[in-house]
Amino acid sequence: MQFVDEASIIVEAGKGGNGCLSFRREKYVPKGGPDGGDGGHGGSVYLIGDDSLNTLIDFKFQRFYKAENGQGGMGRQMSGKAGEDLHVKVPVGTTVIDEDTLEVIADVTEIGQVVLVAEGGRRGLGNIHFKSSTNRAPRRTTPGTEGDRRNLRLEMKVMADVGLLGMPNAGKSTLIRSVSAAKPKVANYPFTTLVPNLGVVKLGMHEHFVMADVPGLIEGASDGAGLGLRFLKHLTRTRLLFHVVDVAPFDESDPVEAAQAIIHELGQFSPALSERPRWLVLNKFDLLPEEEREARAQAIIDALNWDGPVFRISAISSEGTDKLVQAAYRWLTEQQRLENEDEEAHAREQEMRRRMEEESVARTEARLGRRRKRDDEEDDDDFDDDDYDVEVEYAP
């Protein structure tokens, strides 16, 4: 299945039914009076989080969603039927943005979470509501109102606890294959990973966490180079980043320069994301002679001025991976406990998420602005009103 993480759709709620103008006319009832019923409310459009979906590809083929209109009122004080609400399933992790106002309407982060995105029109009133002692035969009704119509942008971010960050061919896909049941493509050339991959890392019966692998970054990614920048947003929902560094690159490039480039591009993409806890994972140690391993690791650590956790692994042989995932699970469990018990820790996490969401909206606004500018330039055919004028010059 094709992985699609962005889509634009149009949602339209149903129109409310009109009120009815009617008078009771029955034999032997000379003073029947008004009996026009009310219309029915228009149906609303809701989005529902569904864990069985992992892509927005369906929204590429169907972009218009409309709820049912309300039925008009009828005589004998009968109200019209309300329009059926429309419930649209979206993947958990979907951010809903109003394309016209760039307002973040909701963040669907839970299974079964229901979000109202377009409210149905209100019903119209029948003439029975307007009778009075001075107006026994009112001919006034009200029409149903139009339902909301919105242009929405859906942006899906995968839900994971740990995100893998690194250059192409650093071994991120091999690592996720080694510690989970995920089977992303692995090959001895860069950019084998073209879409994000998720893997569940199981340590015990009730001990597990989710790991996300995204396409590798390259230098200049913050300016649009490569694939990684587009998919970095999927790491904004993670709590911990593994910065995977290839200690023995096949092209003999400098691992320190590669790591510094990743740190730079991460900061350019999202200052808030760059503040997330990040562990240094030195990979492919099996390619180094044993007597050189520690010296190579220490040289990288010193050159980066790294003061955080460091793990030395070989993803392909699973050497050191158990220690890595055990430490990650303990850290995630402790962070969850702190957020549940400490209000300050909870507030910090919420503030971090708010900042990343603001950055996401700013990126969306900039992207939509560039797209509108491009569309305007394409619509401008460079013709003025005078372009069709013809000047005729007569020779003497």
Side-chain angles (χ1 to χ4, degrees), residues 3-7 49 51 53-56 90-97 102-111 113 115 152-166 172 176 193-201 209-218 221-224 226-244 262-279 281 308 328 331-332 335-336 339 345-368:
F3 181 84
V4 177
D5 60 352
E6 295 180 356
D51 63 339
L53 303 176
N54 55 15
T55 176
L56 297 175
V90 297
V92 174
T94 300
T95 301
V96 187
I97 302 171
L102 296 177
E103 171 196 3
V104 177
I105 299 174
D107 216 3
V108 183
T109 58
E110 298 178 2
I111 300 172
Q113 180 179 345
V115 176
L152 301 181
R153 182 168 187 81
L154 306 180
E155 294 189 354
M156 191 193 78
K157 305 181 185 73
V158 298
M159 304 292 290
D161 303 298
V162 175
L164 302 182
L165 187 68
K172 303 185 302 300
I176 199 171
T193 300
L194 300 178
V195 298
N197 293 291
L198 289 181
V200 178
V201 182
F209 62 87
V210 180
M211 182 180 290
D213 171 32
V214 299
L217 289 178
I218 61 174
S222 57
D223 296 323
L227 298 172
L229 180 65
R230 176 188 170 192
F231 296 111
L232 261 180
K233 65 185 178 184
H234 294 287
L235 300 183
T236 59
R237 296 194 189 277
T238 61
R239 294 174 176 270
L240 177 63
L241 298 176
F242 287 173
H243 187 163
V244 183
I262 293 295
I263 295 171
H264 172 74
E265 298 301 334
L266 185 63
Q268 291 292 104
F269 173 78
S270 170
L273 181 59
S274 66
E275 296 175 12
R276 276 292 194 196
R278 189 159 23 100
W279 293 0
V281 180
W331 186 90
L332 291 168
Q335 286 299 117
Q336 189 64 56
E339 289 182 26
H346 178 75
R348 285 195 300 270
E349 177 63 23
Q350 295 304 312
E351 175 63 16
M352 176 72 73
R353 294 187 179 186
R354 184 193 64 78
R355 288 176 55 197
M356 285 192 286
E357 196 56 54
E358 288 181 353
E359 292 173 351
S360 175
V361 172
R363 288 192 298 271
T364 299
E365 182 176 7
R367 185 168 61 251
L368 293 177

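For clarity, every value in this text was computed on a predicted model and none was experimentally measured.
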Colleague: Which heavy atom of Phe209 sits nearest to which heavy atom of Ala328, and what is that distance?
Modeller: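 Of all heavy-atom pairs spanning Phe209 and Ala328, the closest is CZ-CB, 4.0 Å.
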Colleague: Work out which heavy atom in Glu359 is nearest to a heavy atom in Ala272; give both atom names and the distance.
Modeller: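 Nearest pair, atom of Glu359 first, then Ala272: OE2-N, 3.2 Å.
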Colleague: Sequence neighbours excluded, which residues qualify as side-chain contact (heavy atoms from CB on, under 4.5 Å) partners of Glu110?
Modeller: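 side-chain contact (heavy atoms from CB on, under 4.5 Å) list for Glu110, sorted by chain: Gln113.
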Colleague: Please determine whether side-chain contact (heavy atoms from CB on, under 4.5 Å) holds for the pair Lys157 and Thr236, giving the CA-CA distance in whole Å, both sets of side-chain angles, and the decisive distance to 0.1 Å.
Modeller: CA-CA 8 Å; Lys157 305 181 185 73; Thr236 59; 3.3 Å; yes
Colleague: Just by distance, with hydrogens left out, do Glu155 and Thr95 show a side-chain donor and acceptor under 3.5 Å apart?
Modeller: no
Colleague: Thr55 and Pro91: which non-hydrogen atoms are nearest, and at how many Å?
Modeller: O-CG, 3.5 Å
Colleague: A side-chain contact here means heavy atoms from C-beta on lying under 4.5 Å apart; do Thr94 and Leu56 qualify?
Modeller: yes
Colleague: Is any NZ, NE, NH1 or NH2 atom of the basic residue among Glu351 and Arg354 found under 4.0 Å from an Asp or Glu carboxylate oxygen of the other?
Modeller: yes
Colleague: Which atom pair, heavy atoms only, marks the closest approach of Val96 to Val108?
Modeller: CG2-CG2, 4.5 Å
Colleague: Among residues at least two apart in sequence or on other chains, which ones pass side-chain hydrogen bond (donor to acceptor under 3.5 Å, both in side chains) with Thr238?
Modeller: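 Here no residue qualifies.
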Colleague: CZ of Phe242 to CG of Asp213: how many Å apart, nearest 0.5 Å?
Modeller: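 Here the interatomic distance stands at 12.5 Å.
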Colleague: Which value, rounded to the nearest 0.5 Å, describes the distance between His243 atom NE2 and Ile263 atom CD1?
Modeller: 5.5 Å
Colleague: Please check: side-chain N/O of Asp161 versus main-chain N/O of Val210, any donor-acceptor pairing under 3.5 Å?
Modeller: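 Checked: pair present.
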Colleague: CE of Met352 to CZ of Arg355: how many Å apart, nearest 0.5 Å?
Modeller: 5.5 Å
Colleague: Give the intermediate values and the outcome of side-chain contact (heavy atoms from CB on, under 4.5 Å) for residues Val162 and Arg239.
Modeller: CA-CA 6 Å; Val162 175; Arg239 294 174 176 270; over 6 Å; no
Colleague: Would you say the side-chain atoms of Arg237 pair up with the backbone N or O of Gly93, donor to acceptor, closer than 3.5 Å?
Modeller: yes
Colleague: I would like to know whether Ile97 and Glu103 meet side-chain contact (heavy atoms from CB on, under 4.5 Å); could you show each step before the answer?
Modeller: CA-CA 6 Å; Ile97 302 171; Glu103 171 196 3; over 6 Å; no
Colleague: Set out, in order, the CA-CA distance, both residues' side-chain angles and the distance that settles side-chain contact (heavy atoms from CB on, under 4.5 Å) for Leu164 and Leu241, then state yes or no.
Modeller: CA-CA 6 Å; Leu164 302 182; Leu241 298 176; over 6 Å; no
Colleague: Over all heavy atoms of both residues, which pair between Gly267 and Ser274 is shortest? Give the atoms and the distance, please.
Modeller: CA-CB, 4.0 Å
Colleague: When rounded to the nearest 0.5 angstrom, what distance separates CD in Glu275 from CE in Met356?
Modeller: 9.5 Å
Colleague: Atom CD in Glu349, atom CD in Glu339: separation rounded to 0.5 Å?
Modeller: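 One gets 4.5 Å once the value is rounded to the nearest 0.5 Å.
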Colleague: Is there a side-chain contact between Val92 and Met156 in this structure, where contact means two heavy atoms from C-beta onward sitting under 4.5 Å apart?
Modeller: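 They are not in contact (no side-chain heavy atoms under 4.5 Å apart), so the answer is no.
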Colleague: Supply the atom-to-atom distance Arg276 CZ to Leu165 CG, rounded to the nearest 0.5 angstrom.
Modeller: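 Arg276 atom CZ to Leu165 atom CG measures 13.5 Å (nearest 0.5 Å).
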Colleague: Has Glu6 got a side-chain atom pairing as donor or acceptor with Leu154's backbone, closer than 3.5 angstrom?
Modeller: no
